[in-house]
Amino acid sequence: MTGVTVRSGGDEGQLAARLEHNIHTLFGRSLYVRTIDTGSCAACESEIRLLLAPHYDLQRLGIFFTPAPRHADVLMVTGPVIRAMEVALRKTYDAMPDPKLVVAVGACPLGGVYDDDEFAWGRLDRVLPVDVYIPGCPPSPLALLQGLLLATGRLAVKIDHVSFEVHLEATK
Amino acid sequence: MALWFIRGLARRRVTTRFPAVIDPWVRTLPSPPTFNSSLLTLTVADKLVECCPSRALSHDERWLVFDVGACTSCGTCQRVVPEATGVSGVFELAARTSAQLLRRFPLQVGDR
């Protein structure tokens with residue numbers, strides 16, 4: 001990993017912009033993804049698997065899946081982060097080389113279904129720093145694709161431009 | 001091969017970016033709800049908060065807060081209060097912060 005220089009003591013916003021630029025140049029056309037299932041129902045996994053199908057063709061974008069966390073740039077976490085998987089999750093995160101990104105996939109790690117469950121953390125950001133949140137139960141492959149491109153800085157955030165409000169004129 | 005590639009580019013089927021043309025049937029799949037804030041009263045908001053199985057909705061005196069990240073697109077709120085809710089048809093909702101996933105809708109506090 002060359003080209004990544006993060007100096008301490010600088011302005012935080014500047015540092016963040018620099019890091020974002022570095023992530024874009026490093027991961028723009030070559031991104032390795034490791035997925036980890038922390039107790040999900042496997043619906044998210046089946047959608048993630050569909051990313052490799054010819055319909056979505058993930059590899060044309062320079063994004064690949066790897067089974068080894070030491071080769072991975074992105075950790076895609078599905079499931080509500082059950083406490084039994086916490087050690088495995090942290091070990092996977094620690095094994096990944098810097099700089100690394102964490103993507104929370106689906107409603108479970110976003111606090112949807114098991115927010116108050118005593119056997120799970122309920123939210124991924126209670127355990128790991130999350131870079132991109134992908135909502136959906138399960139998120140469609142296009143939503144996952146958008147999340148991965150958002151993580152690498154190749155796509156802008158779309159949700160800020162989405163209105164969830166129905167106006168009366170539109171419904172009539 | 002080259003002809004196939006040029007034809008594909010013209011029809012926007014070959015791309016190294018996010019696909020510009022999305023299949024039209026995608027919009028018919030379950031997606032997060034939309035809310036008609038002119039019909040949102042405190043009683044309607046109570047009903048919505050009570051019916052949501054994934055606790056994506058909460059409200060205080062003035063605002064209905066919708067956590068898009070927690071929503072499982074189950075459609076329960078659309079069955080319980082069909083007049084004040086609708087289907088958004090939007091899926092590409094990934095965000096960088098969890099605050100971007102929280103949506104606020106003003107409640108009509110005058111009439112109960």
Side-chain angles (χ1 to χ4, degrees), chain A residues 16 20 29 43 55-57 60-62 101 103-116 122-125 130-151 153-171, chain B residues 13-19 21-23 25-27 29-40 52-58 64-75 78 82-106:
Chain A
E20 206 163 291
R29 296 280 165 186
H55 302 80
Y56 304 100
D57 199 7
R60 85 199 139 97
L61 297 158
L101 300 164
V103 178
V105 176
C108 291
L110 269 62
V113 193
Y114 301 98
D115 200 8
D116 301 329
R123 281 175 192 269
L124 180 60
D125 46 19
V130 180
D131 293 287
V132 171
Y133 300 81
I134 307 179
C137 186
S140 76
L142 277 177
L144 294 167
L145 201 57
Q146 187 232 345
L148 285 172
L149 293 179
L150 183 67
R154 285 169 66 183
L155 203 65
V157 179
K158 284 186 180 184
I159 189 170
D160 285 347
H161 308 292
V162 178
S163 169
F164 283 98
E165 210 156 327
V166 190
H167 298 290
L168 272 183
E169 307 87 65
T171 51
Chain B
R13 291 289 188 271
V14 178
T15 171
T16 54
R17 297 199 186 94
F18 198 73
V21 179
I22 296 170
D23 296 327
W25 52 263
V26 168
R27 302 292 167 214
L29 294 171
S31 58
T34 53
F35 297 96
N36 190 340
S37 58
S38 64
L39 294 175
L40 286 178
C52 183
S54 61
R55 277 167 283 178
L57 293 164
S58 58
L64 177 75
V65 183
F66 175 36
D67 187 352
V68 183
C71 177
T72 57
S73 311
C74 63
Q78 286 154 28
E83 64 276 4
T85 53
V87 185
S88 67
V90 190
F91 299 93
E92 297 92 23
L93 299 168
R96 283 179 189 279
T97 60
S98 53
Q100 280 170 321
L101 294 168
L102 291 177
R103 291 298 161 126
R104 286 166 188 279
F105 303 94

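Residue numbers start from 1 in every chain, and the chains themselves are labelled A, B, ... in the order their sequence lines are given, proteins ahead of strands.
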Student: Looking only at heavy atoms and a cut-off of under 4.5 Å, which of B/Ala95, B/Ser98, B/Ala70 has the most pairs with chain A?
Tutor: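 Sorted descending by pairs with chain A, the first entry is B/Ala95.
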Student: With a sphere of 6.0 Å drawn around OH of A/Tyr114, does it hold more than 12 non-hydrogen atoms of other residues, nucleotides or ligands?
Tutor: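 Open: at most 12 neighbouring heavy atoms sit under 6.0 Å from OH of A/Tyr114.
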Student: Please give me the minimum heavy-atom distance between A/Gln146 and B/Glu92, naming the atom from each residue.
Tutor: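 Closest approach of A/Gln146 to B/Glu92, heavy atoms only: OE1-C, 3.0 Å.
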Student: At a heavy-atom distance under 4.5 Å, which candidate from B/Leu93, B/Leu40, B/Val68 has the highest pair count against chain A?
Tutor: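 Among the listed options, the one with the most contacts to chain A is B/Leu93.
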Student: B/Arg55 side chain to A/Gly111 main-chain N or O, any donor-acceptor pair under 3.5 Å?
Tutor: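 Absent.
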Student: Identify which part of B/Pro33 has an atom lying under 4.5 Å from any heavy atom of chain A, answering side chain, backbone, both or neither.
Tutor: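 The backbone, not the side chain.
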Student: With a 4.5 Å cut-off on side-chain heavy atoms, are A/Ser140 and B/Leu29 touching?
Tutor: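 Side-chain contact under 4.5 Å: no.
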Student: Do B/Phe91 and A/Leu142 have side chains that approach each other closer than 4.5 Å (heavy atoms only, starting at C-beta)?
Tutor: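 A side-chain contact is absent here, since even the closest heavy-atom pair is not under 4.5 Å.
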Student: Which one, A/Pro135, A/Ala104, A/Cys137, leads in non-hydrogen pairs under 4.5 Å with chain B?
Tutor: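 Among A/Pro135, A/Ala104, A/Cys137, the one with the most close pairs to chain B is A/Pro135.
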Student: What is the minimum heavy-atom distance between A/Gly147 and B/Ala94, and which atoms define it?
Tutor: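 Looks like CA-CB, 3.6 Å.
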Student: I need the residue from B/Ser37, B/Gly86, B/Pro32, B/Ser73 with the largest number of non-hydrogen atom pairs under 4.5 Å to chain A.
Tutor: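 Highest number of pairs under 4.5 Å: B/Ser37.
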Student: Let me know if A/Asp115 has heavy atoms under 4.5 Å from chain B in its side chain, its backbone, both or neither.
Tutor: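 Neither part.
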Student: Of all the heavy-atom pairs spanning A/Tyr133 and B/Leu101, show the shortest one and how long it is.
Tutor: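 Taking A/Tyr133 first and B/Leu101 second, the nearest heavy atoms are CB-CD1, 3.7 Å.
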Student: Answer with side chain, backbone, both or neither: which region of B/Thr97 has an atom nearer than 4.5 Å to a non-hydrogen atom of chain A?
Tutor: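 The answer is the backbone of B/Thr97.
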